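Some notes on the structure that comes next.
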Amino acid sequence: MITHDLRVIADAILDKKGQDVVSLDLRPIGTAISDYFVVCDGSSTTNVAAIADNIIRKTSEELNLKPVRMQGMENNFWIILDYGNIVIHIFQKEYRDFYRLEDLWADAPRKTYKARRTSAKKKDSENGTTE
């Protein structure tokens, strides 16, 4: 299911401190090259690379998906992971601000993703503490 795939991708981004995670539903736009874009940014080239690596790992493990194409891994300013129906854009913040990709697809329905909250009890058990 596509919503589950988008959530797995968003969680992989957020796990590595990706910022401003949004998905754009491009299906209503007849000329779009994909069904969805996922856009986020990282604070550095190292962070952008870590986000991309985590997405590739999580989509492989949890969704049994591999990217059809990848671009930008050599410089980590703007990495594109193409999964066919979902294309992921991972920017360094200043490149995202410059290219303003979301503005090009302003008519597309948009969803913002935030880190999921975990209960205090679950955090305590993960940290080895008890109440």
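Sequence positions, counted from 1, serve as the residue numbers for this chain. Note that the structure is predicted; figures quoted are calculated from it, not measured.
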Quiz item: Shortest non-hydrogen contact from G72 to I79?
Solution: O-CG1, 3.6 Å

Self-check item: Heavy-atom donor-acceptor pair, D107 side chain to I29 backbone, under 3.5 Å
Solution: no

Quiz item: Between OG of S43 and CD of Q19, what distance do you get to the nearest 0.5 Å?
Solution: 7.5 Å

Quiz item: How about Q71: does its CD atom have over 12 heavy atoms from other parts shown lying under 6.0 Å from it?
Solution: no

Quiz item: How would you list, by chain and number, every residue that makes a side chain to side chain contact (heavy atoms under 4.5 Å, CB included) with D20, sequence neighbours excluded?
Solution: V22, D41, R96

Exercise. Scan for ring pair (Phe, Tyr, Trp, His ring centres under 6.0 Å) pairs involving residues 51-71, sequence neighbours excluded, and state none if there are none.
Key: none

Practice problem: Any chance you could lay out the side-chain contact (heavy atoms from CB on, under 4.5 Å) test for I2 and N85, step after step, and finish with the verdict? | Solution: CA-CA 9 Å; I2 199 76; N85 61 340; 3.2 Å; yes

Quiz item: Step by step, would you call I86 with I9 a side-chain contact (heavy atoms from CB on, under 4.5 Å)?
Solution: CA-CA 10 Å; I86 301 172; I9 291 165; 4.0 Å; yes

Self-check item: Sequence neighbours excluded - ring pair (Phe, Tyr, Trp, His ring centres under 6.0 Å) pairs with any residue from residues 13-33
Solution: none

Exercise. Quick one: list whatever passes side-chain hydrogen bond (donor to acceptor under 3.5 Å, both in side chains) with D82, sequence neighbours left out.
Key: R69

Quiz item: Tell me, which pairs form a ring pair (Phe, Tyr, Trp, His ring centres under 6.0 Å) where one or both residues lie in residues 51-74, sequence neighbours left out?
Solution: none

Quiz item: R7 versus Y113: any side-chain heavy-atom pair under 4.5 Å?
Solution: yes

Quiz item: Mind checking what makes salt bridge (charged side-chain N to carboxylate O under 4.0 Å, His left out) contact with D103, not counting sequence neighbours?
Solution: R100

With a 3.5 Å cut-off and sequence neighbours excluded, list the donor-acceptor pairs that the side chains of residues 50-59 form with protein atoms.
from: N54; atom 1: OD1; to: R57; atom 2: NH2; distance (Å): 2.8
from: N54; atom 1: ND2; to: A12; atom 2: O; distance (Å): 2.8
from: R57; atom 1: NH1; to: E61; atom 2: OE1; distance (Å): 3.3
from: R57; atom 1: NH1; to: E61; atom 2: OE2; distance (Å): 3.4
from: T59; atom 1: OG1; to: I55; atom 2: O; distance (Å): 2.8
from: T59; atom 1: OG1; to: I56; atom 2: O; distance (Å): 3.2
from: T59; atom 1: OG1; to: Y83; atom 2: OH; distance (Å): 2.7

Quiz item: Hey, any chance L6 and L26 share a hydrophobic cluster, counting ILVMFWY side chains that come within less than 4.5 Å of each other, even indirectly?
Solution: no

Quiz item: Same cluster or not: are I33 and I88 linked, directly or through other Ile, Leu, Val, Met, Phe, Trp or Tyr residues, by side-chain heavy atoms under 4.5 angstrom apart?
Solution: no

Quiz item: L104: what forms a side chain to side chain contact (heavy atoms under 4.5 Å, CB included) with it, not counting sequence neighbours?
Solution: L101

Quiz item: When rounded to the nearest 0.5 angstrom, what is the spacing between CD1 in I80 and CZ in F91?
Solution: 7.0 Å

Practice problem: List for me each residue that meets ring-ring contact (aromatic ring centres under 6.0 Å, His included) alongside Y99, sequence neighbours excluded, and say none if there are none. | Solution: W78

Self-check item: Counterpart residues, side chain to side chain contact (heavy atoms under 4.5 Å, CB included), relative to S34 (two or more places apart)
Solution: F37, V87

Quiz item: Hey, does Q92 have a side-chain heavy atom less than 4.5 Å from the side chain of T45?
Solution: yes

Exercise. Group every Ile, Leu, Val, Met, Phe, Trp and Tyr by side-chain heavy-atom contacts under 4.5 Å, then state whether V48 and Y95 land in the same group.
Key: no

Practice problem: Say whether I90 and V68 are linked into one hydrophobic cluster, either directly or through other cluster members, by side-chain heavy-atom distances under 4.5 angstrom. | Solution: no

Self-check item: With sequence neighbours excluded, residues passing side chain to side chain contact (heavy atoms under 4.5 Å, CB included) with S60
Solution: K66

Quiz item: Do I13 and L24 belong together in a cluster built from hydrophobic side chains that touch within less than 4.5 Å?
Solution: no

Quiz item: Does the side chain of V21 come within less than 4.5 Å of L14's, by heavy atoms?
Solution: yes

Quiz item: Quick one: salt bridge (charged side-chain N to carboxylate O under 4.0 Å, His left out) partners of K93, sequence neighbours excluded?
Solution: D97

Quiz item: How close do N47 and K16 get, heavy atom to heavy atom, and via which atoms?
Solution: ND2-O, 2.8 Å

